[in-house]
J.: 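Dumping the structure here so I can ask a few things about it.
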Amino acid sequence: MPNKLLAIQPQQFDLLLSDLAAKTPPKEKTLYTLRDVVERLYDFVTQSLANHYSYDELAVMIEESLASLALEEDVPEIRGGTLKKYYLEVKREKESNLAQKGARKSRRQRSGTKKSTTKTVTGESPMPPQEKRSETPKSDSGEGAKESAKPMSGSKKLPRPDSAGIKLAY
């Protein structure tokens with residue numbers, strides 16, 4: 001069938017979309033996998049495990065409760081190992097979602113805070129200029145040259161003289 005062109009005005013698309021939206025109201029989900037069921041029962045399983053029930057005991061209880069709902073389909077056999085597998089998958093997902101939300105929140109908090117207010121309060125920069133920094137004392141053991149090349153703790157690490165074509169004047 002060849003592609004047929006339709007002459008539609010842009011405002012007609014708005015009418016088309018609103019007409020289709022009116023014809024397609026949201027539907028309730030009625031088909032669930034066993035993993036979906038475990039996800040919906042996550043809090044119940046967590047509380048029951050805290051009350052010293054085993055996965056095997058919980059699997060039997062869930063299976064019996066599902067059977068008592070008189071569903072159209074036969075309730076599949078639920079094993080403790082399957083329940084544990086799905087429960088731990090859901091738990092990992094929830095924990096990783098919380099960790100991601102926490103990481104996003106802490107990044108936002110860090111970006112909104114100032115690192116140092118010394119400059120605004122006293123008018124001085126938080127770190128003294130290069131000339132004012134004290135050097136590490138040289139020792140008589142012949143390692144003084146090596147030690148002075150190392151940065152002091154808390155100070156900015158300087159590049160090596162020959163790295164990336166940087167030439168330093170001594």
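On a predicted model such as this, the values are computed, not experimentally measured, just so you know. Computed from heavy atoms alone, side chains included, the values below leave out hydrogens, waters and symmetry copies.
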J.: Any donor-acceptor pair under 3.5 Å linking the side chain of Ser68 with the backbone of Ser65?
T.: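 Judged by distance alone, yes, a pair lies under 3.5 Å.
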J.: With the 4.5 Å side-chain cut-off for hydrophobic clustering, are Val45 and Val60 part of the same group?
T.: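 Each belongs to a different hydrophobic cluster.
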J.: Test of understanding: with side chain to side chain donor-acceptor pair (under 3.5 Å), list the residues that count as partners of Asn51, not counting sequence neighbours.
T.: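 Asn51: no side chain to side chain donor-acceptor pair (under 3.5 Å) contacts found.
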J.: Which atoms form the tightest heavy-atom contact between Ser54 and Glu57, and what is the distance?
T.: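 Minimum heavy-atom contact is N-OE1, 2.9 Å.
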J.: Look at atom OH of Tyr32 and say whether more than 12 heavy atoms of other residues, nucleotides or ligands are closer to it than 6.0 Å.
T.: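 It does: Tyr32 OH has more than 12 such atoms within range.
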J.: First locate atom NZ of Lys84, then atom NZ of Lys91, and finally report the distance between them rounded to the nearest 0.5 Å.
T.: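 Here the interatomic distance stands at 10.5 Å.
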J.: Check step by step if side chain to side chain contact (heavy atoms under 4.5 Å, CB included) holds for Val38 and Thr82.
T.: CA-CA 10 Å; Val38 172; Thr82 306; over 6 Å; no
J.: Tell me every residue that passes side-chain contact (heavy atoms from CB on, under 4.5 Å) with Gln9, counting only those two or more places apart in sequence or in another chain.
T.: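 Applying side-chain contact (heavy atoms from CB on, under 4.5 Å) to Gln9 gives Gln11, Gln12.
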J.: For residues 13-25, which residue pairs qualify under side-chain hydrogen bond (donor to acceptor under 3.5 Å, both in side chains), counting only residues two or more places apart or in two chains?
T.: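 Sorted pair list: Asp19-Lys23.
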J.: Nearest heavy-atom pair of Ala59 and Gly80: which atoms, and what distance?
T.: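 That would be CB-N, 3.8 Å.
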J.: Quick one: salt bridge (charged side-chain N to carboxylate O under 4.0 Å, His left out) partners of Lys27, sequence neighbours excluded?
T.: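 Counting only residues at least two positions away or on another chain, Lys27 forms no salt bridge (charged side-chain N to carboxylate O under 4.0 Å, His left out).
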J.: Members other than Leu31 in its cluster, when Ile, Leu, Val, Met, Phe, Trp, Tyr link by side-chain heavy atoms under 4.5 Å?
T.: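 Hydrophobic cluster check, Leu31: no partners found.
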J.: Asp43 and Thr46: side-chain donor and acceptor closer than 3.5 Å?
T.: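 Judged by distance alone, the side chains do not pair up.
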J.: Can you list the residues that meet the ring pair (Phe, Tyr, Trp, His ring centres under 6.0 Å) rule with Tyr42, with sequence neighbours excluded?
T.: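 Ring pair (Phe, Tyr, Trp, His ring centres under 6.0 Å) list for Tyr42, sorted by chain: Tyr87.
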J.: Among residues at least two apart in sequence or on other chains, which ones pass side-chain contact (heavy atoms from CB on, under 4.5 Å) with Leu6?
T.: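 Leu6 satisfies side-chain contact (heavy atoms from CB on, under 4.5 Å) with Ile8 only.
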J.: Linking Ile, Leu, Val, Met, Phe, Trp and Tyr through side-chain heavy atoms less than 4.5 Å apart, which residues share a cluster with Leu98?
T.: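 Via sub-4.5 Å side-chain contacts, Leu98 links to none.
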J.: Between Leu15 and Phe13, is there shared hydrophobic-cluster membership here, with clusters defined by ILVMFWY side-chain heavy atoms closer than 4.5 Å?
T.: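 Unlinked, Leu15 and Phe13 end up in two clusters.
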J.: Among all residues two or more places apart in sequence or in another chain, which pass the salt bridge (charged side-chain N to carboxylate O under 4.0 Å, His left out) test with Asp56?
T.: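 So Asp56 forms no salt bridge (charged side-chain N to carboxylate O under 4.0 Å, His left out) with any residue.
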J.: If you compare all heavy atoms of Tyr55 against all heavy atoms of Leu83, which two are closest, and at what distance to 0.1 Å?
T.: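 Here Tyr55 and Leu83 meet closest at O-CD2, 3.5 Å.
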J.: If I take atom CD from residue Glu64 and atom CD1 from residue Ile78, how far apart are they, to the nearest 0.5 angstrom?
T.: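 CD1 of Ile78 is found 10.0 Å from CD of Glu64.
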J.: Could you list the residues that satisfy salt bridge (charged side-chain N to carboxylate O under 4.0 Å, His left out) with Glu73, not counting sequence neighbours?
T.: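 Not a single residue meets the salt bridge (charged side-chain N to carboxylate O under 4.0 Å, His left out) criterion with Glu73.
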J.: Does Leu5 sit in a hydrophobic cluster with other residues, and if so which ones, taking ILVMFWY side chains as linked at heavy-atom separations under 4.5 Å, directly or through other members?
T.: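 For Leu5, no cluster forms, as it stays isolated from other hydrophobic side chains.
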J.: Output all residues satisfying salt bridge (charged side-chain N to carboxylate O under 4.0 Å, His left out) with Glu89, sequence neighbours left out; order by chain, then residue number.
T.: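 Checked Glu89 against salt bridge (charged side-chain N to carboxylate O under 4.0 Å, His left out); matches are Arg35.
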J.: What verdict does the side chain to side chain contact (heavy atoms under 4.5 Å, CB included) test give for Val37 and Tyr86, after you've listed the backbone C-alpha separation in whole Å, the side-chain angles of each residue and the deciding distance to 0.1 Å?
T.: CA-CA 9 Å; Val37 171; Tyr86 291 150; over 6 Å; no
J.: Can you tell me how far the NZ atom of Lys101 sits from the CG atom of Asn97, to the nearest 0.5 Å?
T.: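 Lys101 NZ to Asn97 CG: 6.5 Å, rounded to 0.5 Å.
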J.: So how far is it from Glu77 CD to Leu34 CG, rounded to the nearest 0.5 Å?
T.: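 Rounded to the nearest 0.5 Å, the CD-CG separation comes to 11.0 Å.
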